[in-house]
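Below is one structure, written out as structure tokens; comments come after it.
Within every chain, numbering begins at 1; the chains are lettered A, B, ... in the order of the sequence lines, protein sequences first and strands thereafter. Just so you know, these numbers come straight off a predicted model, no measurement behind them.
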Protein chains: 2
Amino acid sequence: MQEETMTPPELMLENQLCFTIYACSREFTKLYQPHLDKIGLTYSQYLVMLVLWERRQCTVKELGEALFLDSGTLTPLLKRLQAAGLILRERSLQDERKVLISLTAQGLALQQDAMCIPGKMAEGTMLSPEEFVGLLGQFKDLLARVHESNISNSK
Amino acid sequence: MQEETMTPPELMLENQLCFTIYACSREFTKLYQPHLDKIGLTYSQYLVMLVLWERRQCTVKELGEALFLDSGTLTPLLKRLQAAGLILRERSLQDERKVLISLTAQGLALQQDAMCIPGKMAEGTMLSPEEFVGLLGQFKDLLARVHESNISNSK
DNA sequence: TTAAATTAAGTTGTGTACAATACAATATGA
DNA sequence: TCATATTGTATTGTACACAACTTAATTTAA
């Protein structure tokens, strides 16, 4: 008795690591959304601000390396942050290919309003500090592996 | 001696679980890209096809529930799959609000060409089967938690 | 049994992502 | 030194994501 063709387990949605991560990422964004709305940032813009709050100033390239994003994504995003009065964009005088991104006083001040967000997210995920640290370490390791694969594929 | 304002650890990029997952998701998509190019699918389209290869037929709403996507994302994506000749879209006769999505012969046949992809991805991530299963379980658990939070936030 | 509520898709507008390309500035080497 | 290659950013075009809204079909509840 011949069965109808069945999907092998490797092609089933519930066994896809990539899909679980992809869905997880989008659900996390939704968890941030209401809090980010209050300070007028999108999730991607928030990530850019995190980098700038740490470094005060960096180039578009450095932002891209930190966030795994290219100029095609960052340029319009940064223009919107500039239009919102949060950052400055100016050509480097030393190397005119580079564009230096820095915080305005308003952009710096916004960090205070963002302080409460990580706590709200911890509530949302209901992870203990130990679980959080464990997961972060494992996911960073996975990110490093996949990124490494992509690097070597592109050579 | 007053230090200059420093970023607290909770706001540092390297401590963000959400960012690690977000970056991981995009790096995974890049890992799939060259293989999906060969069969003419985008990553999101591949996920839709995974569901259809399993179920043969379902509504837009069911697809959305499986993939955590809404009709605003799915409708244009499905129209592109239809234009590519891989699926059919037809109103349900029982309930004309519903649109039934089903595979064409060509769409069904494409599963054969996709069979090799999971193996290629396993190479790319260099995860042992045990590591894979462990990570999948942890991500699924996290996804369930965050999704649950989002459900209760929207009430 | 209808008026009100709910449901399922589609539409519109904004904001990413990213490949491919363009271009100007800088670095390199014969 | 000057032609070539590389680098850093911007631009263009395609494809998501998703909120907000619209429309039509179906439920429901008074």
*Heavy-atom contacts under 4.0 Å between residues 34-49 of chain A and DNA chain D, which residues?*
none
*Calculate the interatomic distance between B/Tyr32 atom OH and D/dA15 atom P; express it in whole Å.*
21 Å
*Quick one: label B/Thr29 by what it contacts on the DNA or RNA (base, sugar-phosphate, nothing), any heavy atom closer than 4.0 Å.*
nothing
*Identify whether any heavy atom of A/Gln94 sits under 4.0 Å from a base atom; if not, whether one sits that close to sugar-phosphate; answer base, sugar-phosphate or nothing.*
sugar-phosphate
*Candidate list B/Tyr46, B/Phe139, B/Phe68, B/Tyr43, test ring-ring contact (aromatic ring centres under 6.0 Å, His included), partner A/Tyr22, passing option*: B/Tyr43
*When the nearest nucleotide of DNA chain D is assigned to A/Glu62 and to A/Glu27 on a heavy-atom basis, which residue is associated with the more 5' position?*
A/Glu62
*Could I get the full list of salt bridge (Lys or Arg N to Asp or Glu O under 4.0 Å) partners for B/Asp141, not counting sequence neighbours?*
B/Arg145
*For DNA chain D, whose closest nucleotide is more 5', that of B/Leu93 or that of A/Val60?*
A/Val60
_I'd like to check the salt bridge (Lys or Arg N to Asp or Glu O under 4.0 Å) partners of A/Lys98; sequence neighbours left out, ordered by chain and number._
none
_With A/Arg80 via salt bridge (Lys or Arg N to Asp or Glu O under 4.0 Å) - residues at least two apart_ = none
Any N/O pairs under 3.5 Å between the protein and nucleotides 4-7 of chain C? List them or say none.
| unit_1 | atom_1 | unit_2 | atom_2 | d |
| --- | --- | --- | --- | --- |
| C/dT7 | O2 | B/Arg97 | NH1 | 3.3 |

*asked:* What is the separation between atom CG on B/Leu31 and atom P on C/dC18, rounded to the nearest whole Å?
replied: 13 Å
_Expected output is a numbered-order residue list: members of residues 75-87 of chain A with a heavy atom under 4.0 Å from any atom of DNA chain C. What is it?_
A/Leu77, A/Arg80
*Roughly how many Å is it from CG in A/Asn150 to C1' in C/dA17, rounded to a whole number?*
14 Å
